Every structure is written in structure tokens, then in C-alpha cells.
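Let me begin by presenting the structure, written as C-alpha cells, before commenting on it.
Values in this document were obtained by computation on a predicted structure and should not be read as measured data. We number each residue from 1, following the sequence as shown.
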Amino acid sequence: MALNPPLCPADGDPYRVQNEHFILHRKGVEFELKIEGMGKLSGKGKMILTTLRLVLINKDCSSELKAFDLPHGNTFKEKFNQPFFGSNYWAG
């Protein structure tokens with residue numbers, strides 16, 4: 001897990017690690033993170049799902065949260081929620 005991992009200046013995507021493949025890109029996502037000791041951080045931007053991690057990239061570069069990197073191995077109690085009213089969301 002990393003707050004503000006390095007991003008490629010050309011396209012704003014995260015640098016790939018060895019043997020990692022990008023699976024899915026989604027623009028226009030809103031995200032909220034609760035980090036112990038830092039509180040709640042939120043942003044709007046894009047999400048990139050890879051074979052090794054989930055990367056959230058905030059389009060607001062002046063924010064404290066520029067990007068967030070979450071390896072799949074660090075997730076637990078994950079759940080995909082589909083409420084009747086509102087947007088679908090993933091929690092974990």
C-alpha cells in the first residue's frame with residue numbers, strides 16, 4: 001500500500017512493476033480512503049486494475065492525495081455492493 005506512488009509524466013499512469021499487466025482502466029471514478037492516522041481522503045479521477053494491484057489516480061494534482069496503490073494481497077473482507085439507490089461500489 002502506498003500513498004502517492006510514482007506516476008509516468010507522459011500519461012499519468014503508474015509505472016509497471018515486473019510481471020505486471022494492466023487489465024482495466026476506468027475514468028470518472030470517485031473514491032474515498034480512510035487511512036489510520038491521516039483520516040479520510042477523497043478524490044475523483046481514474047482507476048487502474050492490474051494483475052497485482054488497484055491504483056486510484058486523482059485528477060486534482062493540488063490535493064494531498066495524488067494517487068493510491070493497493071496490492072491485492074493486502075485486501076481482506078472485500079465486498080462488491082449493489083444498492084437499489086445509488087452507485088455500485090467496492091468495499092474492503
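- The same ILVMFWY cluster, assembled from side-chain heavy atoms under 4.5 Å apart, contains both L33 and M47.
- Both L70 and L41 belong to a common hydrophobic cluster when Ile, Leu, Val, Met, Phe, Trp and Tyr are linked at side-chain heavy-atom distances under 4.5 angstrom.
- Using a 4.0 Å cut-off between charged side-chain N and carboxylate O, K66 and D60 make no salt bridge.
- In this structure, a donor-acceptor pair under 3.5 Å is present between the side chains of T50 and E20.
- Note on residues 23-67: pairs passing ring-ring contact (aromatic ring centres under 6.0 Å, His included), not counting sequence neighbours, are F22-H25.
- Under a hydrophobic clustering in which Ile, Leu, Val, Met, Phe, Trp and Tyr are joined whenever their side-chain heavy atoms come within less than 4.5 Å, directly or via other members, L52 and L49 fall into different clusters.
- Other residues, nucleotides and ligands place more than 12 heavy atoms under 6.0 Å from the CD atom of E32.
- Separation of atoms CZ (R16) and CD1 (I48) is listed at 9.0 Å; rounding is to 0.5 Å.
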**Request:** Might you work through the side chain to side chain contact (heavy atoms under 4.5 Å, CB included) test for N88 and N81, ending with a clear yes or no?
**Result:** CA-CA 6 Å; N88 298 339; N81 298 295; over 6 Å; no
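- With hydrophobic clusters built from ILVMFWY side chains whose heavy atoms lie under 4.5 angstrom apart, L24 does not share a cluster with V55.
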**Message:** Evaluate I23 against T51 for side chain to side chain contact (heavy atoms under 4.5 Å, CB included), listing each step before the verdict.
**Reply:** CA-CA 7 Å; I23 298 171; T51 52; 3.8 Å; yes
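- The main-chain N or O of A67 is found under 3.5 Å from a side-chain atom of N4 such that the two form a donor-acceptor pair.
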**Request:** I would like to know whether M38 and E64 meet side chain to side chain contact (heavy atoms under 4.5 Å, CB included); could you show each step before the answer?
**Result:** CA-CA 11 Å; M38 290 189 71; E64 181 181 4; 3.1 Å; yes
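- S87 is not listed as a side-chain neighbour of E30, based on a closest heavy-atom distance of 4.5 Å or more.
- A heavy-atom distance below 4.5 Å is found between the side chains of P71 and D69.
- Under the 4.5 Å side-chain heavy-atom criterion for Ile, Leu, Val, Met, Phe, Trp and Tyr, L3 and I57 are members of distinct hydrophobic clusters.
- Proximity of P5 to F68: side-chain heavy atoms (C-beta onward) are nowhere separated by under 4.5 Å.
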